[in-house]
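Accompanying notes for the structure given below.
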Amino acid sequence: MLDINLIRTQPDLVRQALINRGDKPESLDAVLQLDAQRREILKQSEQLRSLRNSVSKEIGRMADAAGREAKKTEMRQVGDQISALETELAQVESNLEAYTSVLPNIPDPRTPVGLDEDHNVILRTIEGTAPKPANPKPHWDLGTDLGLIDFERGVKLSGSRFYVLNGAGARLQRALIAYMLDLHTRQGYHEVYLPFMVKRQTLFAAGQLPKFADNLFHDAEVDAWMVPTAEVPITNLHGDEILDLEDLPKWYCAYTPCFRREKAAAGKDVRGIKRGYQFDKVEMYMFSLPEKSDDYLEQMREHAEETCRALGFTYRVKQLCTGDMGICARMTYDIEVWAPGCNEWLEVSSVSNVGDYQARRANIKFRRERGAKTEFVHTLNGSGLGLPRTLIAVMENYQQPDGSIIVPEVLRNFVGTDVIRKGE
RNA sequence: GGAAAGGUGGCAGAGCGGUUUAAUGCGGCGGUCUUGAAAACCGUUGUGGGUCUAUGGCUCACCGUGAGUUCGAAUCUCACCCUUUCCGCCA
């Protein structure tokens with residue numbers, strides 16, 4: 001959510017942001033108009049309320065019955081006017097909210113301007129230590145040959161885009177989750193285990209609703225929503241709270257499965273386990289002082305890169321352009337790892353500074369000193385790597401000519417073996 | 001799923017239609033006293049919106065949430081949510 005005061009005082013800044021993101025700037029005009037209307041109605045109704053409040057007190061003190069009745073009649077009319085204005089106000093506010101709740105964040109000035117992914121900037125590519133397989137097989141062949149991935153049974157259970165991980169495949173995924181959580185804990189994050197279903201308000205606060213309802217799984221009866229990312233519940237851990245200055249920054253990490261309907265991506269990446277309705281992810285998250293969030297973004301990106309390096313991946317860091325960033329973000333880095341089998345760069349992490357955009361929606365504040373005005377915190381989120389893609393990268397990068405997979409060193413304690421061979 | 005009790009400021013807790021501007025206590029902050037501290041005493045202490053002559057003034061809203069009754073609602077009515085205890089069921 002943007003500050004309505006900012007929209008009011010610097011509409012051109014907001015307009016340019018919309019244009020740079022490839023959105024229509026007309027909604028801004030609607031917001032400005034509705035905001036003016038809202039304040040006008042508010043002024044009128046508050047004056048009437050003030051009048052009614054004072055006269056009602058008078059009535060309570062009046063001895064004269066006839067005079068009292070006269071005042072009551074008068075106030076009854078004022079009451080009718082107030083409710084008419086309130087009805088109007090509710091309508092205006094709900095229209096206003098419909099517009100403001102989907103206005104995207106204003107990109108950081110350093111975010112490159114561009115309307116689509118072709119304008120993302122590749123900042124650097126880092127060569128990994130993993131062995132370079134000669135004729136790499138894609139994970140869908142490798143995984144089935146070794147019996148690690150069972151596509152048929154996944155489909156039997158749940159339909160297309162679902163799979164079952166078997167034996168060492170399941171263990172490798174669990175090892176990655178455990179390793180990443182341990183690493184992030186060493187990096188300073190506080191691990192939490194979260195609900196995988198959340199309320200509507202929780203999704204609103206994280207910026208997923210109302211705009212992206214189509215991409216979420218939802219039980220209508222109890223209004224429970226499956227989380228599309230751990231970012232959603234973590235954002236709301238401190239919803240409606242005023243945090244103590246000395247508690248900032250707060251760093252969290254969490255493993256959750258993520259559920260996405262992927263309506264927009266239907267027909268895309270259908271082969272293998274790259275994209276599904278359900279996937280696992282370890283997430284990093286920070287609540288920070290506004291003036292520190294730029295620095296923390298770099299730190300969090302570095303933390304995600306550390307995971308890639310520890311796993312020996314060849315990876316590259318991209319900065320997303322205005323048109324490719326999510327609506328909450330001011331600045332985003334994507335990290336992509338090289339998967340030699342399917343011969344493509346896989347996005348395994350997206351690290352964003354969302355400024356006060358989510359804090360405003362979730363109402364998360366802090367105070368610099370006793371008696372000072374409350375301010376919104378900044379929040380940042382980043383994948384501590386998305387799982388199926390990291391799993392793909394391990395399998396494809398560490399495959400050997402005989403069809404076995406070497407377990408990356410940092411995972412061996414968790415997996416319990418150095419090499420994954422067929423039939424084990 | 002059933003029964004009962006209950007949701008009021010940072011916390012505890014009163015108020016159950018109009019001197020409530022939400023009592024009182026604790027805690028916090030400032031002060032008096034003191035060599036210093038404690039104690040005692042005095043003062044102060046919520047969030048959000050609107051507006052203006054703007055470090056402040058005026059005003060509106062907020063007592064779980066939403067509707068309703070009334071000139072006036074923390075207080076009355078209805079619905080819902082949540083908490084606690086007990087029973088049932090269950091991993």
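Residue numbers begin at 1 in each chain, while the letters A, B, ... track the order of the sequences.
When each of Lys72(A) and Glu58(A) is assigned the nucleotide of RNA chain B bearing its nearest heavy atom, the one mapping closer to the 5' terminus is Glu58(A). Across the interface with RNA chain B, nearest-nucleotide mapping of Arg49(A) and Thr374(A) shows Thr374(A) to be the residue nearer the 5′ end.
A salt bridge between Glu305(A) and Arg301(A) is present, with a side-chain N of the basic residue lying under 4.0 Å from a carboxylate O of the acidic one. Between Asp35(A) and Arg39(A) a salt bridge is recorded (basic side-chain N to carboxylate O distance below 4.0 Å).
Within the 4.0 angstrom heavy-atom criterion, no nucleotide atom of any strand lies near Lys199(A). The residue Arg52(A) sits close only to the backbone: its heavy atoms come under 4.0 Å of sugar-phosphate atoms, none of a base. Residue Leu42(A) is in sugar-phosphate contact alone, with no base atom involved, counting any heavy-atom pair closer than 4.0 Å across all strands shown. Contacts of Arg200(A) with the nucleic acid, taken as non-hydrogen atoms under 4.0 Å apart, are absent. Counting any heavy atom pair closer than 4.0 Å across all strands shown, Ser45(A) reaches no nucleic acid atom.
Among U59(B), C71(B), A61(B), the nucleotide with an atom closest to any side-chain atom of Ser50(A) is U59(B). Ranking U59(B), G18(B), U21(B) by closeness to the Glu46(A) side chain, first place goes to U59(B). Comparing U47(B), A61(B), U51(B) by their nearest atom to the side chain of Ile242(A) picks out U47(B). The side chain of Lys365(A) lies closest to U47(B) when the candidates are U47(B), C71(B), A61(B). When distances are taken from the side chain of Ile59(A) to each of G18(B), G48(B), C60(B), the shortest belongs to G18(B). Side-chain proximity of Arg38(A) to G48(B), G49(B), G18(B): nearest is G49(B). With A61(B), U21(B), C71(B) as the candidates, the nucleotide lying closest to the side chain of Ser56(A) is C71(B).
G17(B) sits 16 Å from G68(B) when the C1' atoms are compared, rounded to a whole Å. Nucleotides C29(B) and C86(B) have their C1' atoms positioned 45 Å apart, rounded to a whole Å. C42(B) and U75(B): their C1' atoms are spaced 34 Å apart (whole Å). Comparing G57(B) with C41(B), their C1' atoms sit 32 Å apart, to the nearest whole Å. Atom P of A22(B) sits at a distance of 30 Å from the matching atom of U32(B), rounded to the whole Å. Distance check on atom C1': U70(B) versus C81(B) gives 26 Å, rounded to whole Å. The gap from the P atom of C78(B) to that of U19(B) amounts to 26 Å, rounded to the nearest Å. Spacing between A79(B) and C90(B) at atom P, rounded to whole Å, works out to 32 Å.
The partner of U32(B), taking Watson-Crick or G-U wobble pairs whose two distances both stay under 3.5 Å, is A40(B). Remark: G72(B) base-pairs with no nucleotide in the shown strands. Criterion, Watson-Crick or G-U wobble with two distances under 3.5 Å. With both pairing distances under 3.5 Å, C80(B) is matched to G64(B) as a Watson-Crick or G-U wobble pair. With a 3.5 Å ceiling on both atom-pair distances, A14(B) lacks any Watson-Crick or G-U wobble partner.
With rounding to whole Å, Glu241(A) atom CD is found 16 Å from G46(B) atom C1'. A61(B) atom P lies 16 Å from atom CD of Gln44(A), rounded to whole Å.
The side chain of Arg367(A) contributes no N or O atom lying less than 4.0 Å from OP1 or OP2 of U45(B).
Taking the side chain as every heavy atom from C-beta outward, Tyr252(A) and Glu283(A) never approach each other to under 4.5 Å.
Note: Phe162(A) and Tyr277(A) have tilted aromatic rings, judged against thresholds of 30 and 60 degrees for the angle between ring planes.
Considering CG of Leu387(A) and CZ of Arg174(A), their distance stands at 12.5 Å, rounded to 0.5 Å.
In terms of modelled atom types and a separation under 3.5 Å, the side chain of Asn353(A) and the main chain of Leu380(A) share no donor-acceptor contact.
For the pair Arg361(A) and Phe204(A), the cation-pi criterion (under 6.0 Å, within 45° of the ring axis) is fulfilled.
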